[in-house]
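Keep in mind that the numbers below use all heavy atoms, side chains included, and drop hydrogens, waters and symmetry copies.
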Amino acid sequence: MIFRTGVALILLTTATSATAQTYPSAAQCSAFWLGRADYAAATTNLDGEEEARALGYAFQAAAVRMSEDSAAIKKSIADQRPLMLLLLDAFIYENDKQSREISERLTDGCGALASQLPETRDLM
């Protein structure tokens, strides 16, 4: 539980910084939705794996398009993805309040960002 709380605090800092920018980044949204797909694949506590995976890869395509360093973007997404899976596990399985709040902020922020990006506009 201490480890998961630490992860939640790291993500809270990330999500708070992203909120100050109006939306999370496309890379953060990619990691979030791909982590959600991974969680859905690994457990019966969540469905929608295919939709989440499609959205995650669409956000990744947007992040790569907007970046000058696609390798760094893909590495960032890969690094954040397992943390997002842990965030969702803490929220869904352990009913962690902080994790729920961060997940809701990411869902809302990514939804708002999705409407602005051609890669994701029709997916949410």
Side-chain angles (χ1 to χ4, degrees):
M1 183 65 175
I2 293 172
F3 174 74
R4 288 190 179 151
T5 303
V7 170
L9 291 174
I10 290 168
L11 290 170
L12 176 62
T13 303
T14 303
T16 301
S17 298
T19 303
Q21 301 168 1
T22 307
Y23 303 121
S25 69
Q28 273 186 313
C29 291
S30 175
F32 176 72
W33 285 103
L34 290 173
R36 181 181 167 92
D38 294 343
Y39 187 78
T43 181
T44 60
N45 295 330
L46 187 64
D47 59 0
E49 175 190 353
E50 295 83 17
E51 296 86 357
R53 195 167 310 284
L55 192 53
Y57 284 122
F59 271 116
Q60 179 176 299
V64 166
R65 176 181 54 80
M66 295 184 291
S67 171
E68 295 179 13
D69 189 351
S70 64
I73 288 295
K74 289 179 181 179
K75 181 176 179 347
S76 173
I77 292 167
D79 289 347
Q80 290 181 55
R81 188 173 174 171
L83 299 175
M84 298 299 184
L85 188 144
L86 290 174
L87 172 77
L88 289 163
D89 187 55
F91 163 35
I92 294 169
Y93 184 72
E94 296 183 17
N95 199 28
D96 180 70
K97 181 182 175 188
Q98 261 187 332
S99 299
R100 182 186 74 241
E101 290 171 356
I102 294 167
S103 295
E104 289 171 354
R105 269 189 263 152
L106 284 168
T107 300
D108 292 345
C110 292
L113 180 60
S115 69
Q116 304 299 312
L117 301 172
E119 295 89 347
T120 55
R121 191 173 295 134
D122 296 327
L123 296 176
M124 283 191 87

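- Of the charged side-chain nitrogens involved, at least one lies within less than 4.0 Å of a carboxylate oxygen, so that Lys75 and Asp79 count as a salt-bridged pair.
- Using a distance-only test at 3.5 Å, with no hydrogens or angles considered, no donor-acceptor pair links the side chain of Ser76 to the main chain of Ala72.
- For Thr43 (side chain) and Ala40 (main-chain N/O), no donor-acceptor pair under 3.5 Å exists by modelled atom type.
- Side-chain atoms of Gln60 and Leu34, non-hydrogen and from C-beta on, do get closer than 4.5 Å to each other.
- Going from atom OG of Ser99 over to atom CD1 of Ile92 covers 10.0 Å, rounded to the nearest 0.5 Å.
- Using a 4.5 Å cut-off between side-chain heavy atoms of Ile, Leu, Val, Met, Phe, Trp and Tyr, with links allowed through other members, Trp33 and Val64 fall into different hydrophobic clusters.
- Taking CG from Leu113 and CG from Asp108, the interatomic distance works out to 12.5 Å, rounded to the nearest 0.5 Å.
- The distance from the CZ atom of Phe91 to the CZ atom of Arg36 is 8.5 Å, given to the nearest 0.5 Å.
- Under the 4.5 Å side-chain heavy-atom criterion for ILVMFWY residues, no single connected hydrophobic cluster contains both Leu123 and Ile77.
- For the atom pair CG of Leu106 and CG of Leu87, the computed distance is 7.0 Å after rounding to the nearest 0.5 Å.
- For CG of Asp47, the number of neighbouring non-hydrogen atoms (other residues, nucleotides, ligands) closer than 6.0 Å is 12 at most.
- Connection of Met84 to Tyr57 is not established within any shared hydrophobic cluster, with ILVMFWY side chains joined at heavy-atom distances below 4.5 Å, either directly or through further cluster members.
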